Protein chains: 2
Amino acid sequence: MFTLDAQLAADTAFITRFKLCQVLLMKDAHYPWIILVPEREDIEEIHQLSPADQAQLMQEVTHVSEKLAKAFQADKINVGALGNVVSQLHVHVIARFTQDPAWPAPVWGFGPPAPYADGDLEVWTEGLQKILV
Amino acid sequence: MFTLDAQLAADTAFITRFKLCQVLLMKDAHYPWIILVPEREDIEEIHQLSPADQAQLMQEVTHVSEKLAKAFQADKINVGALGNVVSQLHVHVIARFTQDPAWPAPVWGFGPPAPYADGDLEVWTEGLQKILV
């Protein structure tokens, strides 16, 4: 049975569920930062998914990318599946801006996240539900 | 007409050509580091590709991931499309090891690349042709 990794659960807020993935918001107010987690057991690499799930993952990644790019007028979308720290397969989709704190470096390992202010996390997850669904 | 970005061309060696992508080796001997560049004009984001090209890109990414994982007995495969510096769409597929210099950090921006020794670049590109084709 699929269970969301405890670290991913602690670092994110739930937005919605697609056909394949849980859609999560990274708790870092520096960036509009979505994490997609395929609800499949014991998968660490994209190539371990079935071909059908791989195709579905691509659709969900490009859907989120396109919606974030438009909604936030992003300068760039960063997509990444790393998993060096949390091995459960998860794909980052991040709206980047030439003025954001890490630009042009990657956001991973760039420094401590900026917590959302009280109440903002609910505003963001509800707003992103509307953008993404 | 598609033309490979000059910075990508300078930083890599040609391995082969798939149906969609040029397959390049990053000139950094620290990691088995492949870059896939879809041969499509004026594309900066995965979601700008046609759905058929997106599906093909996923196939080529997972093909390279699986072959690298097996050939090098990698601890993890990192996949990323960033483009904050070079905007032409390119996807990194990198075999990572718990003993590699950057682990567990991402390789991007980690420090200067390690040049391949004289002759090694040819050995690597020929070896990777056999592994990937």
Side-chain angles (χ1 to χ4, degrees), chain A residues 7 20 31 36 43-70 74-111, chain B residues 7 20 31 36 43-70 74-111:
Chain A
Q7 186 69 52
L20 176 64
Y31 325 92
L36 294 172
I43 297 283
E44 300 191 352
E45 304 282 2
I46 298 172
H47 66 259
Q48 294 169 346
L49 293 170
S50 71
D53 282 349
Q54 291 171 13
Q56 183 62 28
L57 178 62
M58 177 56 96
Q59 286 185 35
E60 296 182 6
V61 164
T62 53
H63 174 78
V64 171
S65 299
E66 192 161 14
K67 295 291 187 181
L68 286 186
K70 284 185 184 168
D75 296 310
K76 195 75 194 62
I77 299 295
N78 287 178
V79 175
L82 287 86
N84 305 341
V85 178
V86 170
S87 61
Q88 181 175 71
L89 177 61
H90 59 288
V91 181
H92 304 265
V93 184
I94 309 149
R96 301 297 309 274
F97 305 90
T98 56
Q99 307 299 325
D100 75 34
W103 185 269
V107 300
W108 306 287
F110 180 74
Chain B
Q7 187 68 52
L20 176 65
Y31 325 92
L36 293 173
I43 297 284
E44 299 191 351
E45 304 283 2
I46 297 172
H47 66 259
Q48 294 168 345
L49 293 170
S50 71
D53 282 349
Q54 291 171 14
Q56 183 63 28
L57 179 61
M58 177 56 96
Q59 285 185 35
E60 296 182 4
V61 165
T62 52
H63 174 78
V64 171
S65 299
E66 193 162 12
K67 294 292 187 181
L68 285 186
K70 284 185 186 170
D75 295 311
K76 195 75 194 65
I77 299 294
N78 287 180
V79 175
L82 288 84
N84 305 341
V85 178
V86 170
S87 61
Q88 181 176 71
L89 177 60
H90 59 288
V91 181
H92 304 265
V93 184
I94 309 150
R96 301 296 310 273
F97 305 90
T98 56
Q99 307 299 326
D100 74 34
W103 186 268
V107 300
W108 307 288
F110 181 75

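Bear in mind the structure is a predicted one, so any value in this text is a computation, not a measurement. In what follows, every chain begins at residue 1, and chains take the letters A, B, ... in the order their sequences are listed.
- B/K76 contributes a side-chain N or O that, together with a main-chain N or O of A/E44, makes up a donor-acceptor pair within less than 3.5 Å.
- Counting heavy-atom pairs closer than 4.5 Å to chain B, the top-ranked of the candidates A/P51, A/G109, A/P104 is A/P104.
- Only the backbone of A/A105 comes within contact range of chain B, with heavy atoms under 4.5 Å apart.
- Options B/D75, B/T62, B/I94 differ in how many heavy-atom pairs under 4.5 Å they form with chain A, and the most are formed by B/T62.
- Here B/G83 is the residue among B/A55, B/G83, B/S87 with the most heavy-atom pairs under 4.5 Å with chain A.
- Each of B/Q59, B/Q54, B/H92 has some count of heavy-atom pairs under 4.5 Å with chain A, and the biggest count is that of B/Q54.
- To the nearest 0.5 Å, atoms OH (A/Y31) and CG (A/D100) are separated by 5.5 Å.
- Of all heavy-atom pairs spanning A/E45 and B/I77, the tightest one is OE2-N, 3.0 Å.
- Looking at B/L89 and B/L49, their side chains come closer than 4.5 Å, going by heavy atoms from C-beta outward.
- Contact annotation: the side chain of B/P106 approaches that of A/L82 to within less than 4.5 Å [non-hydrogen atoms, C-beta and beyond].
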